[in-house]
Amino acid sequence: MTNPELAALFSEIADLLEIQNANPFRIRAYRNASRTIRTFTEPISDIHHDPDRKLTDLPGIGKDLAEKISIVMSTGDLPMRRELLNQIPSGLLALLKLPGLGPKRAAILHQELGITSLSGLRQAIKSKRVRAINGFGAKTEETLLHGIEHLEEVGQQTYLSQAIVEATEIVTHLKTVPALGKISLAGSLRRRKETVRDIDILVTSTNPAHIMDSLADCNRVNSVLSRGDTKMRVRLGTGLELDLRVVTDDSYGAALQYFTGSKEHNIRIRKRAIERGLKVNEYGVFQDNERIAGKNEKDVYEVLDLTWMEPELREDRGEIGQAATGSLPQLIDLPDLKGDLHMHTTATDGRASIQEMIIRSMEHGHQYIAITDHSKRVTMAGGLDETQLRKHWDAIDTAAEQYPSITVLKGIEVDILEDGSLDLPDSVLRDADWVIASLHYGQKQPGDVITRRLLNAVENPSVSAIGHPTGRLIGRRRSYDVDLNMVFKAAAEYGCMLELNAQPSRLDLDDIACMAAKKHGIPIVINSDAHSLDDLSGLQFGVFQARRAGLLPSDVANTRSLSELQQMIR
DNA sequence: GCCGTTTTCGGCCCGACTGTTTTCAGTCG
């Protein structure tokens, strides 16, 4: 059983316990365990099978949960989970995704009306049966119906790239308001999570009502969902929701810290405060009701004996311990990248010419790029056969001659075929400067077959890197069934790089996988996989993900100079 | 159910806002 599967099982148990109104701290224990497992960079099964290691060494895993993990590992399920599901229909869990509906009221809907699914709830609302329950009203029915429709329309996930565009528009609008002081993005957007559920914006002002009125008037805003003295929630025209929080200047740092999260990071921060006889809230750090910090975020951390932490690291994955000992990683940043090693041109499915891609890449400050069009198997994209590819390489050389300040590598994105062979012979691949091997077809093959295909590519000395190694499309297509851990071991052994594909819908490898790859000492290469000129700026999203994984410049191959990079290529 | 620089029991982050209520529980972040 994989870590994500195991994590999902414990998360489901937490949901079920919550509907059962169990001890909230017991529920939290299951959630913490789920998170520990999901973000762990080795297969939990390895620890389970290793007599020298104990599951209880993992944070949040005690004797009981270690025992339960062992049972799941050997039997595939847990008696406790089956018992819970006998009492609570699994369809009820979907209801928890609705805004405004938590476990208590979901349980009431089940008890009073026998509702077990979203569609059941919709029918009950349509026939006005929900408002008949004590504690529910017409307004609740409306909110829930909206929630069901929203869930069906947009789903839950918005790509970071899209959310940034929308958030920037709102920030630009708010900046025109005279009463505005400071303004910052917060929440998961500031932490650069690959998808976000909503946009969080923090501002300072002595006139909150004025700011909120202005937001309500913004033409991007569709409706106001809630509004108080300091906090407002709106729905944008795109369906995305936005939280605005207004504080005074004295509280800006504390509010930014609080509003950036993550929730788990904040819980640990506040626990640390309690240990020191302090209290942290969004207004400041308090000692006996006296505010001792709050104006700057840095001060909030420093009074807790911590250095300031990059928002991307604030996921309670060990960053607080590192901040306490001054050993936080010096994260990679966009200017560290000296080149982009995955892009397409009009020779296949790109929309810009070789020359246009070169010029735009120079504008990004790159010292080198690789042009990597598709190989022939990708017929839809007009993939290149051996003859066409060699001609294309000649064209690349000719175009590059005009631009001596940038090196243009002759590359190829060669397909890993269904039988595990590569789409072009080694005799051709050997003549390339840079070879990315990617899997586009036969994605539904069984895990052992897929893994073998990827291993073949890793073991082939002509292959420089594996492109988008899991094939996932965020929110749209699951990763193919690959044993990533075997790929990591082989990549480390054979010296094959792995890509962090920066396309906002891919971000593949993801942050957890990048951490695992780093542990194996595998060089990561962050590439735009651009199919157009504008796509070239997508590299930043790869960097965000790399930062969330705690990667240093030295962990990423394309932060190196060209000569250093060429020594790393097999 | 976990955990320990006030350790093996008694804690476990903290406040805003809503809807349906007459004072607050539930939900959210």
Side-chain angles (χ1 to χ4, degrees), chain A residues 10 13-14 17-19 21-36 55-69 80 95-109 130-144 147 186-191 193 196-202 208 212 224-233 241-247 251 254-255 257-286 304-305 314 316 324:
Chain A
F10 281 104
I13 290 176
L17 286 172
E18 212 164 10
I19 293 176
N21 200 21
N23 177 346
F25 300 106
R26 185 173 171 227
I27 295 162
R28 183 185 293 172
Y30 279 92
R31 292 213 189 286
N32 286 342
S34 171
R35 199 168 53 92
T36 295
L55 288 167
T56 49
D57 288 340
L58 303 182
I61 308 290
K63 192 161 167 279
D64 182 273
L65 285 173
E67 175 75 26
K68 288 197 166 83
I69 291 172
M80 173 199 185
L95 267 57
L96 297 180
K97 295 201 169 89
L98 294 173
L101 191 67
K104 299 276 195 313
R105 283 146 57 90
I108 292 172
L109 286 171
V130 171
R131 65 180 65 180
I133 306 172
N134 212 355
F136 290 76
K139 193 96 184 215
T140 308
E141 282 187 340
E142 195 190 326
T143 307
L144 292 177
S188 49
L189 201 52
R190 184 168 179 237
R191 302 200 310 280
K193 269 192 78 171
V196 300
R197 241 169 47 91
D198 57 15
I199 294 171
D200 295 306
I201 294 179
L202 174 71
M212 291 192 208
V224 176
L225 299 173
S226 71
R227 177 172 170 171
D229 293 338
T230 65
K231 198 174 152 181
M232 179 173 179
R233 188 167 177 89
E241 295 182 1
L242 181 147
D243 272 328
L244 175 74
R245 185 77 188 258
V246 189
V247 298
S251 295
Q257 194 285 322
Y258 151 77
F259 216 22
T260 297
S262 64
K263 185 179 172 184
E264 291 78 12
H265 174 89
N266 284 354
I267 287 176
R268 200 165 285 274
I269 287 293
R270 290 170 182 201
K271 262 183 172 167
R272 188 177 175 92
I274 291 170
E275 286 164 13
R276 285 166 168 68
L278 305 172
K279 187 176 83 166
V280 176
N281 58 29
E282 57 262 57
Y283 301 109
V285 184
F286 295 88
L304 298 173
D305 303 319
R314 300 184 195 173
D316 187 25

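A, B, ... follow the sequence lines: proteins, then strands. Residue 1 opens every chain.
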Sidechain N-carboxylate O distance under 4.0 Å for A:Glu282, A:Lys231: no
Using a 3.5 Å distance criterion without hydrogens, assess whether the side chain of A:Thr36 forms a donor-acceptor pair with backbone atoms of A:Pro59. yes
Using Watson-Crick or G-U wobble geometry with both distances below 3.5 Å, tell me the partner of B:dT8, or none. none
Within residues 278-285 of chain A, those residues having any heavy atom closer than 4.0 Å to DNA chain B are A:Lys279, A:Val280, A:Asn281, A:Glu282, A:Tyr283
A:Thr36 side chain near B:dC2 phosphate (N/O to OP1/OP2, under 4.0 Å): no
Between B:dG29 and A:Tyr258, is there an OP1 or OP2 to side-chain N/O distance shorter than 4.0 Å? no
Minimal non-hydrogen separation, A:Arg227 against A:Val224, with atom names: CB-CG1, 4.2 Å
Considering only atom P, compute the distance from B:dT21 to B:dT27 and round it to an integer number of Å. 15 Å
Less than 4.0 angstrom between a side-chain N/O of A:Arg26 and OP1 or OP2 of B:dG1, yes or no? yes
Can you tell me, in whole Å, how much space there is between the P of B:dG29 and that of B:dG11? 30 Å
Determine the interatomic distance between P on B:dC28 and the same-named atom on B:dT22; round to the nearest Å. 23 Å
Looking across every strand, which nucleic acid part, if any, lies under 4.0 Å from A:Ala66 by heavy atom: base, sugar-phosphate, or nothing? nothing
Please state how far atom CD in A:Gln257 lies from atom P in B:dG29, giving the value in whole angstrom units. 18 Å
Is A:Lys231 close enough to B:dC28 that one of its side-chain N or O atoms is under 4.0 Å from OP1 or OP2 there? no
Which part of the nucleic acid, if any, lies within contact of A:Pro24, taking any heavy atom under 4.0 Å across all strands shown: a base, the sugar-phosphate backbone alone, or nothing? nothing
Please check the phosphate of B:dG29 (OP1 and OP2 only) for any side-chain N or O of A:Arg233 closer than 4.0 Å. yes
Answer with base, sugar-phosphate or nothing: what part of the nucleic acid does A:Ile274 contact at a heavy-atom distance below 4.0 Å? sugar-phosphate
Looking at A:Asn23 and B:dG1, is any side-chain donor or acceptor paired with a base atom of the opposite kind under 3.5 Å? yes
Sugar-phosphate, base or nothing in reach of A:Thr143, heavy atoms under 4.0 Å: nothing
Rounded distance in Å between the P positions of B:dT18 and B:dC12: 28 Å
Expressed as a whole number of angstroms, how long is the span from A:Asn266:CG to B:dC28:P? 18 Å
What integer number of Å spans the C1' atoms of B:dG10 and B:dT20? 35 Å
Given atom CZ of A:Arg190 and atom C1' of B:dG29, what is their separation to the nearest angstrom? 16 Å
Give me the distance, rounded to whole Å, that separates B:dC17 from B:dT23 when you measure between the P atoms they each carry. 22 Å
Quick one about A:Asn266 and A:Gln257 (side-chain donor to acceptor, distance below 3.5 Å, no hydrogens or angles considered), yes or no? yes
Rounded to the nearest angstrom, tell me the gap between atom CD1 in A:Ile267 and atom P in B:dC14. 10 Å
Between B:dG29 and A:Arg197, is there an OP1 or OP2 to side-chain N/O distance shorter than 4.0 Å? yes
Distance test, side-chain N/O of A:Lys139 to OP1/OP2 of B:dG19, below 4.0 Å: yes
Whole-angstrom distance between B:dC14 and B:dC9, as gauged at atom C1': 24 Å
Which glycosidic conformation, syn or anti, is assigned to B:dT7 if syn requires a torsion within 90° of zero? syn
Under 4.0 angstrom between A:Thr140 side-chain N/O and B:dT20 OP1 or OP2: yes
Could you tell me how far B:dT6 sits from B:dG1 if I compare only their P atoms? Round to whole Å. 28 Å
Could you tell me whether A:Ile269 contacts a base, only the sugar-phosphate backbone, or nothing, with contacts defined as non-hydrogen atoms closer than 4.0 Å? nothing
Within the structure shown, what part of the strands sits under 4.0 Å from A:Lys263 by heavy-atom distance: base, sugar-phosphate, or nothing? base
Where do A:Asp198 and A:Arg233 come nearest, in terms of heavy atoms and distance? OD2-NH1, 3.1 Å
With a 4.0 Å limit, can you tell me whether A:Asn32 has a side-chain N or O closer than that to the phosphate oxygens OP1/OP2 of B:dC3? no
